[in-house]
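The next block holds one structure in the form of C-alpha cells; read it before the comments.
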Number of protein chains: 2
Amino acid sequence: MPGGKIAPKAVVGRVSLYLRQLESYQRQGLTTVSSSQLGDPLSIKNAQVRKDLAFFGQFGHAGIGYRIGELIGVLRHIIGVDRDWPLVLVGLGNLGRALLKYRGFRTRGFHIVALFDNDRSKIGANHDGLVVEPIESLGRIVAQHDIRLAILAVPADAAQGVADQLVARGIRGILNFAPVSLLVPPGVNLVGVDLSVQLQNLVYKVQQSQGEVSCAG
Amino acid sequence: MPGGKIAPKAVVGRVSLYLRQLESYQRQGLTTVSSSQLGDPLSIKNAQVRKDLAFFGQFGHAGIGYRIGELIGVLRHIIGVDRDWPLVLVGLGNLGRALLKYRGFRTRGFHIVALFDNDRSKIGANHDGLVVEPIESLGRIVAQHDIRLAILAVPADAAQGVADQLVARGIRGILNFAPVSLLVPPGVNLVGVDLSVQLQNLVYKVQQSQGEVSCAG
DNA sequence: TAGATTGTTAATCGATTAACAATC
DNA sequence: TAGATTGTTAATCGATTAACAATC
C-alpha cells in the first residue's frame with residue numbers, strides 16, 4: 001500500500017463494512033465477488049468500492065473480481081484486526097455489563113481483560129470471571145497487558161474525568177458510550193457511540209419520509 | 001423552515017449533536033451560546049454551525065448568539081423529538097436486555113412498550129414490567145399503540161427475517177444492532193449500529209496515529 | 001474469442017471554510 | 001459607540017459517479 005499515505009476519511013468509514021460483508025459471503029461459501037456484489041448490499045456504488053479498495057493497492061482481478069479470502073486478509077491487515085486486541089472496560093452499569101457479555105467483540109479478536117468502576121459498591125464484584133477493579137489500578141493493568149484501547153460506559157457526568165485518567169495511563173483509543181463529547185489530547189483517538197443520538201437520527205429520517213412530504217418548495 | 005426542503009445529509013448527522021450540546025449547556029445554567037461555543041466541543045467550525053442552523057431558519061441574534069432554550073425547542077421540533085415515541089424492542093439477548101434498561105432512551109422521550117423474541121424459552125418472561133411476546137403478536141401491538149419505530153437486537157442470521165416482519169407490520173424505522181446490512185423497501189428507514197465495526201474503526205485510527213507513522217510518502 | 005470486471009480518468013456534485021457586511 | 005456575532009457569499013476542498021481502455 002502507498003507508504004503511510006492517509007486514507008480519506010470517507011474511505012475509512014467503509015472498509016470495516018466491506019470486511020463484514022466479505023466475511024458474510026465467505027460463510028456462504030463464495031470465493032470471489034465483484035465490486036457490485038460487494039457494494040450493493042451496503043448501498044455503495046461499484047465504482048466507489050473499486051476506488052476505495054484501489055486506494056490501498058491492486059487487489060482485484062480483471063474479469064474475475066476480488067478473491068474473498070485474499071481480500072479479507074488484506075483488509076484485516078489494513079484495519080489492524082489481524083491480531084488480538086486486549087481492552088479495558090470502564091463502567092459496569094447496564095450497558096457496560098451488556099458490552100462485557102457481547103459475543104461480537106470476542107469473535108473479532110477484542111478481549112476485555114479488566115473491568116473498572118468508580119462506584120465503591122461495585123468493586124470486587126465478579127462478572128464473567130473478571131473482578132471489578134478500582135480506577136486506581138488502571139495504570140498497573142494497562143502497563144501489564146500493554147493495553148491501548150478502552151470502552152467507556154460510565155454516566156455522562158463522569159465520562160470526561162475517567163477519560164482523562166485513561167489518557168494519563170497510556171490509553172490511545174476510547175470507544176465512548178457516554179452521551180457527551182470528550183476532549184482528549186492529540187494522539188488519542190475517539191469514537192463516540194451515542195445510542196440516543198442514533199435513535200434521534202432515525203426519528204428525523206422517519207419524519208422526513210412521512211408527514212413532512214411536500215408542502216411547498 | 002423552508003417548506004419541506006430536504007436537509008443535506010451532512011447536516012442531519014450534526015443536529016442531534018447540537019441538541020445534546022445545547023442541553024448540556026442548559027444544565028450548566030447558560031442561556032445563550034455563540035456558534036463557536038456550540039461547535040468547539042464537537043470539533044465543528046463556527047461557520048459550519050451557523051450554516052447548518054441557517055438551513056432551517058434564522059434562529060441567531062447578531063451580537064448575542066443563540067438563545068439556548070429557544071434553539072433547543074426549535075431543534076427538537078425539527079428532529080421530531082418534541083413528543084414521545086413508543087417503540088418495540090425485538091431480541092432479548094444481552095444487548096437487548098441492556099437497551100431495555102438504558103435510561104438514556106426514556107429521558108429523551110423514547111418508550112419501549114413491548115418486547116419480542118423468537119426464542120420460545122424467552123417468551124412470557126417479565127423484564128422490568130414488560131412481558132416478552134411471540135413475534136406473532138407484533139401486528140396487533142404495533143397497531144394498538146401506533147408504533148413506528150423498532151430496535152432490532154437479534155443475532156445476525158435472524159435479523160433480515162425479523163426486519164421483514166417488522167416492515168410487514170407497519171414499522172417505518174429500525175435501529176439495527178445486528179452486524180448485517182439489512183434490505184428494506186423504500187419508505188422504511190434504517191440506522192445501523194454495529195459495535196464491532198465501531199471498534200474496528202477505532203483500531204484503524206489508533207494504528208494510523210502510531211506505528212504506521214511516515215515510512216515513505 | 002466473447003464476456004466480465006478491474007483500475008483510473010475526468011466530470012460532477014456536495015461539503016467545508018474564510019471572510020465580511022449587516023446587525024444588535 | 002465599540003465589541004461581538006450573526007447569516008451569507010464566494011472560494012476551496014474533498015467525495016462521488018460515469019465511462020472506458022486494459023485485462024483476464
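Proteins come first, then strands; the chains are lettered A, B, ... in the order of their sequence lines, and each starts at number 1.
Going from atom CG of A:Asp40 over to atom C1' of D:dT17 covers 15 Å, rounded to whole Å. Rounded to a whole Å, the CD atom of B:Gln37 is 11 Å from the C1' atom of D:dT5. Separating the CD1 atom of A:Ile64 from the P atom of C:dG3 is a distance of 16 Å, rounded to the nearest angstrom. One atom, CD of B:Gln48, and another, P of D:dT6, lie 14 Å apart when rounded to the nearest Å. Computed from coordinates, the B:Leu71 CG to D:dT6 P distance equals 11 Å when rounded to whole Å. Atom CZ of B:Phe59 is separated from atom C1' of D:dT5 by 17 Å (rounded to the nearest Å). As rounded to whole Å, 8 Å separates atom P of C:dA18 from atom CG of B:Asn46. Regarding B:Leu53, its CG atom lies at a distance of 16 Å from the C1' atom of C:dA15, rounded to whole Å.
Phosphate contact (OP1/OP2 of C:dT6, side-chain N/O of A:Ser35, threshold under 4.0 Å): present. Taking side-chain N and O atoms only, A:Tyr66 has a distance below 4.0 Å to OP1 or OP2 of C:dG7. Remark: A:Arg50 is not in phosphate contact with C:dG7, judged by side-chain N or O atoms under 4.0 Å from OP1 or OP2.
Residues A:Arg108 and A:Trp85 are not in side-chain contact: their nearest non-hydrogen atoms beyond the backbone lie 4.5 Å or more apart. Residues A:Ile112 and A:Phe110 fail the side-chain proximity criterion, which asks for heavy atoms closer than 4.5 Å. Under the 4.5 Å side-chain criterion, counting only non-hydrogen atoms from C-beta, B:Val154 is not in contact with B:Asn118.
The side chain of B:Lys45 sits closest to C:dA18 out of D:dA18, C:dG7, C:dA18. For A:Gln58, whose side chain is taken as the heavy atoms from C-beta onward, the closest listed nucleotide among C:dT6, C:dT8, D:dT5 is C:dT8. Across D:dG7, D:dA15, C:dT6, the shortest atom-to-atom separation from the side chain of B:Ala54 is found for D:dG7. Taking only side-chain atoms of B:Arg14, from C-beta outward, the nucleotide of C:dT16, D:dT23, D:dA18 with the closest atom is C:dT16.
Using N1 to N3 plus N6-O4 or O6-N4 for Watson-Crick, or N1-O2 and O6-N3 for G-U wobble, each under 3.5 Å, C:dC24 pairs with D:dG3. Remark: D:dT9 base-pairs with C:dA18. Criterion, Watson-Crick or G-U wobble with two distances under 3.5 Å.
The residue B:Lys51 sits close to a base: some heavy atom pair falls under 4.0 Å. Using a 4.0 Å heavy-atom distance criterion, A:Ala10 is classed as a sugar-phosphate-only contact.
Formation of a donor-acceptor pair under 3.5 Å by the A:Arg97 side chain with backbone atoms of A:Leu92 is found in this model.
Annotation: of the two residues near DNA chain D, B:Ser36 and A:Asp52, the 5′-most nearest-nucleotide partner is B:Ser36.
In the model, B:Gln200 has no side-chain atom that pairs as donor or acceptor with a side-chain atom of A:Arg20 under 3.5 Å.
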